[in-house]
Structures are given as structure tokens and as C-alpha cells.
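Encoded as C-alpha cells, the structure appears first; notes follow it.
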Protein chains: 2
Amino acid sequence: MAKVTIIGAGAMGSALTVPLIDNGHQVRLWGTELDTEIIEAVRKGQPHPKHKHCIPSQVLTYTVSELEQAATEADLIIMAITSEALGKIFKRVLPYIKPGMIVGTVSKGFEYGVDGDIIILPDLLESLLPLNLRPEVRFVAVGGPCKATELLWRTPTGVTYASKDIQAAQYMRKLLLTNEYRIEVTTDVIGTEACAALKNAYAVGLGMAEGFRQKQGLPFNNTKSALFTYAIREMKSLSLALGGTIHPVYGFPGIGDLEVTGEAGRNRMLGEVIGGGLTASQAIAKMQAEQITVEGYPAIRFGYNLAKQLARDGKLALKEIPLLEGLYNVLYQDAEAFTTMGSVIRKYTS
Amino acid sequence: MAKVTIIGAGAMGSALTVPLIDNGHQVRLWGTELDTEIIEAVRKGQPHPKHKHCIPSQVLTYTVSELEQAATEADLIIMAITSEALGKIFKRVLPYIKPGMIVGTVSKGFEYGVDGDIIILPDLLESLLPLNLRPEVRFVAVGGPCKATELLWRTPTGVTYASKDIQAAQYMRKLLLTNEYRIEVTTDVIGTEACAALKNAYAVGLGMAEGFRQKQGLPFNNTKSALFTYAIREMKSLSLALGGTIHPVYGFPGIGDLEVTGEAGRNRMLGEVIGGGLTASQAIAKMQAEQITVEGYPAIRFGYNLAKQLARDGKLALKEIPLLEGLYNVLYQDAEAFTTMGSVIRKYTS
């Protein structure tokens, strides 16, 4: 039995308790100040307010003031925090990080490093560690198609754990692997993280094809699958330019996660309303009014700026990413979606 | 202006008239004995009975007895015939095949060669040519995500033309390329054809995940995207074992066509009713009663037997294709779908 602390009690943090409890571990779920209502509901045996399902009763719960009790002597800490808040919350966890500890992260996105360049999230976490701890702490990034709620009812699921130290990935895998929650491991952290962040951006494009259908009253399956193909191709270019490999792109983090993200969810929905006729400005204003955050929106800007950064460093040519550029033009320059996506497909085949 | 003869007036044959007419070519559409009603409707300016849309009025139409007039002096002949009938119909076209001619084929599937081994369709066509013509006639295979009806309303579409002679593929591309119908070319005929045939098989598996949803009242997105990822992985193994490359697998014929086939259509529907609780025997009987043909059903047997043939020749290990084997067990041995697919995912990650 291992002691596992999950930092963040949102949908994914709470769902990961299921395989851990199934494997008989001690599971401590800590809620941030935004999760107080969640922790209270779970303590009363009520459904989780986010996904409306109960989590296993064996889970130990901790409110925001109880971080020390939650994190002390953990064998594994899993950061289940949105990408924007990840660094801030990790700083609060730092006092409880001990040499030899393994830290998992399920956040998906990019961040700015100290020099202003865009970096992947495990590198952000590592940069926050005190220098003496850096060689002693190993990070494991989680990628692949995994809707949190489906973990709760034990849907057959396949994900990828990536760590520079394969033994760290294997250790985390051993703690979480069940009959239904299946895990592959890789040392390609860069490729895994690049896919995890970028698929949200590309899913907005897939949603646009659904929006064209609604607006024009005809299906655009051909267009959607062409964009899907290009999205994978561009993820490959970006992963390679960053120093990653093709393997995560053609596995769970790339193909798999793009498939699930393109089927449903908020990223696709944002694309849908734009494809359906709203300008991006109108769509974003509408979402902000409804207090809906869509990861794909900042991911498109991060991705495009990352591509420009890689081009500046001679690692990528911008003509390798016409779809990402087209998405940037639609989302941040109010370019017309149908014309832009048609032009992307023509660029690829000219 | 080129003279292009389309053999077969079904959904795809009739839809390909659109880019050809848009480019100002002379287009001759010949109907088999099964297409008489179609040709009559088109001649009267009525909608095509299959897809209920009108095709361009400039298309010249020919009934089954008018093959000579249809095929004489064609610059390009496009075979748009179901895979089962392809060889039989091509034999009737043979007298009109002249040296230097280019023959395109949009059929997707496998067939048995003269030695009883499974072969790809362009090889079937080539084997039917008189020996003296073989060096003189070039074949172009069409792969990629292309719903026929979407060609009619000029949806942005991307496909792949594959020929051992890249100039033949480029010639056919030049005749058909429009602003909306976009074409990449490759010399990898084997990989393109393997994907084209196998995606129908794997789409049945994706449909099963949709069926689980209906039966259990919960989504199985994680399962579907894991199966999607494995399908691409197995197409890669099979393409390489056959002597093809990875490129079509990771392009339109593989990723792209699997995406569109998994979204809708009869292959997915077959999987859905089985995932929803019917045994394969029941599902097949039901479809036969309704006179519905599903390409994925024979494709699963062809694919699995092809894998065994490749294993016999030392080119593939059967453990590389657990999903295809699982699909064979469900479709041809009445194995239970949910258990089998769960077991496939475990095999991959054990």
C-alpha cells in the first residue's frame, strides 16, 4: 500500500481516486480554495458537484488549510490542477516534496518560462524546485484520451505516462494500473506534453467542421477528417521541432486524445459556434459571459507563438503548420472560418 | 479537355463527375446492369436514386449495352465498382484498354489472387491485363476520407492518389483537382490500399464503443479512442508487412479515412448493434434480411486471413494485431464484444 496525495479535487483529481482505491492504496484528496464546496460534498457522501458522481468512500479528504496533513510522507503526489494555476499551487506543495519523491501531473497546456519562452509543464514544475532537490525528484506527465468521468465507472481506458526516468513512470503505473485503466510508459515527455497541449487547439478546428454542417445544413465529414489528418501531421512537426519523437503523436497522446477531444467537449463547442457563423470575438465574449473556460483558446495562441519561437530558432518552418496558423487567424484575428479552413486544405495540397 | 470514362454509376462514380465537369472535361458515365435505373433517372434530369442529388447535366450517360461508346478513346478510365464485382466488370472493359491508358480505381477492399493468396485490388486489375499490355497500362488507386455525396456540394476534401508511376497519379490529379477536391500523390500503392480496405474493418470496432454507450447508458469515449489508436497502429504493422510504408497510414488513407468511417456509416452501425447487445450472427442476419451490405464484415475476415498469410511468410506476428483478431472473434466466432474489446486493450498494455 502506497500513500498517494492528489493535489486538486476537480474532475480529474477526484476521478483518479478510483484506480488508486481499487488497488488498495491510501488516497488523500486535497482541495484548493476553489474546491471547498467539492470537499464538503464528498465528506457528506454527496455526489461530486462537478461531475455529479460519488467518489470512493475510502478517500481521505483535506480542505485548503490541511495541505500539510495531506502531503506529508506521500510516496506519490499527483498534481491535478489547471495549467494556469499549476505553478502557483506547486509552490505551496514544495515544502512537502522530499528527495526520492515522484510527482505526477495531469495538467495539459503550456506556460512561459523565466526567459519568456514557452515551455512544457513538467519543465515549469522542475524549474520551481530548489536546486538541491532537482536531481532527487522525478516527474511523470500523463497524456492520452481519458475523460475523467469515465474513470468513475471503469470504462476501458488507455493512457500514456511519460518520464525522463522510465522507472518513475513504471512506479506510478504500478500504483494506478487496473483491469480497466491501462497505461503505457515512455521517456518522451516532450512529445507527450506537446500533444496533450496542442490537441485542445486542434479540436477547435474539428469543431468548426461541425459548425459548417449546422450553418449550411450539409455534412462536412470530408473536411473534418482532412483537418484531423493535418492536426496529427502538425503535432508531429511541432513535437519533433521541440526535441520529442513521433511516438506519442501516433499513440494515445496524439491520435487518441485528438479523437476523443474532437468528439465532444468545450474545445469542439467553441469551434462549432464559430463554424456556425459567430465571429471568434463574439464566441469568446459569449463564453466569457457564461464563465466557460475553453483550454483550446489559449492553446491556439500558445501553440502559434511556440511555432514562431521554434521558427526563430531554426527548428521549424511556419509553412509546416498552416492549420495552426489558420486557427490563430480565425481565433485571434477574426478571419472567416470557412474560407480559412478551405484555404488551409488547399495550402497542404498545392 | 480530356475524355474520362467512369465505369459504374453508383454513389462514388456519379459524384466524381463533379470535379471532372468543373474542370471542363468530357465525362462519360457508364452504368452496369445494376445501374439501369440510375442512368434512366439521370437522363431524365432526376436526382440520382442512391444519393438523391442531381449530377451535372453535361455528363454523358451510357447504359449497360453501350460500353463500347462509353469507353472508346478514353484518356482515363475510372473503375467505380464494388470490390466483389471489380474483376468481373474490368474483364468487360478490357477490350477498350489501350497502351498508354491510365486506369483509376476507387474500390476499397481485398481479393483473392490466382494462387489463393489475398491481394490488393490494383494487383487484381493488373493480373487481368493481357501480358503485352501490362507494361503499357498504369493504375492509380484512390484512398482517403471522401464521402461521395460531399463531392456533389463541393465540400473541401483531401484524398490520396497512389500509383507505382507517380506521373500517372499526377496526370489523374491534374484532371480532377479543383479548389475543393484536393489531392496528394504517392507511390505507395500497397499502404494506400491496405488502409482503404482495413479502415472498414476497424470502423466496426469503433462502432462497438458506441453500442456500449447505448447498452449501458454511459459514454465510452475513452474506449473508442483507445481502439482508434490501436487501429492505426495495426494498419501500420499490416502496411509494413505487406511492403508498404507508414506514410499513407498517417495520412488521408489511414488516419483520415478511419476518422470519417468511424463517425458514421454502415460499418460503424454494424459495430453499434453488436456493442448494443446483438450477437454478430444476429446482427448479420438482420442486415442480410434488410439487404444491407457492410464492407467491414468481409474486410475483417480478409484482414485477419491476410495477417495469418503474412505470419505464415514470417512478415508479421499475430500478436501485433490483437484488435483485428478480437474483431474476427466477435464477428465470426460470436465472442462477446465488450469482454473482447476490454481484453484487446489489456493485451496492448500488459
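Just so we're on the same page: letters track the sequence lines, and every chain starts at 1.
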* **Residues of residues 261-270 of chain A within contact distance of chain B, non-hydrogen under 4.5 Å** => A/E263

* Considering heavy atoms only, which positions within residues 343-350 of chain A lie below 4.5 Å of chain B? -> A/I345, A/R346, A/Y348, A/T349, A/S350

* Asked: Between B/P219, B/G256, B/G158, which shows the greatest number of heavy-atom pairs under 4.5 Å with chain A?
  -> B/P219

* Structure fact -> Heaviest contributor of heavy-atom pairs below 4.5 Å to chain A, chosen from B/G251, B/G342, B/G144, B/G254, is B/G251

* Atom pair CG (A/L218) and OG1 (B/T155), whose distance is rounded to the nearest 0.5 Å -> 7.0 Å

* Part of residues 171-198 of chain B lying next to chain A, heavy-atom separation under 4.5 Å -> B/R173, B/N179, B/R182, B/I183, B/E184

* Listed by residue number, which members of residues 207-214 of chain B have a heavy atom under 4.5 Å from any heavy atom of chain A? -> B/E210

* Heavy-atom pair count under 4.5 Å with chain B, highest-scoring of A/T157, A/N221, A/L258 -> A/N221

* Polar side-chain atom of B/T223 near backbone of A/P156 as donor-acceptor pair, under 3.5 Å -> yes

* Plane angle bin for A/Y250 and B/Y250 - parallel if under 30°, tilted between 30 and 60°, otherwise perpendicular -> parallel

* Below 4.5 Å, heavy atoms only, C-beta onward: do A/E259 and B/T229 meet side chain to side chain? -> no

* Atom of A/N222, atom of B/K147 and distance for their closest heavy-atom approach -> OD1-N, 2.7 Å

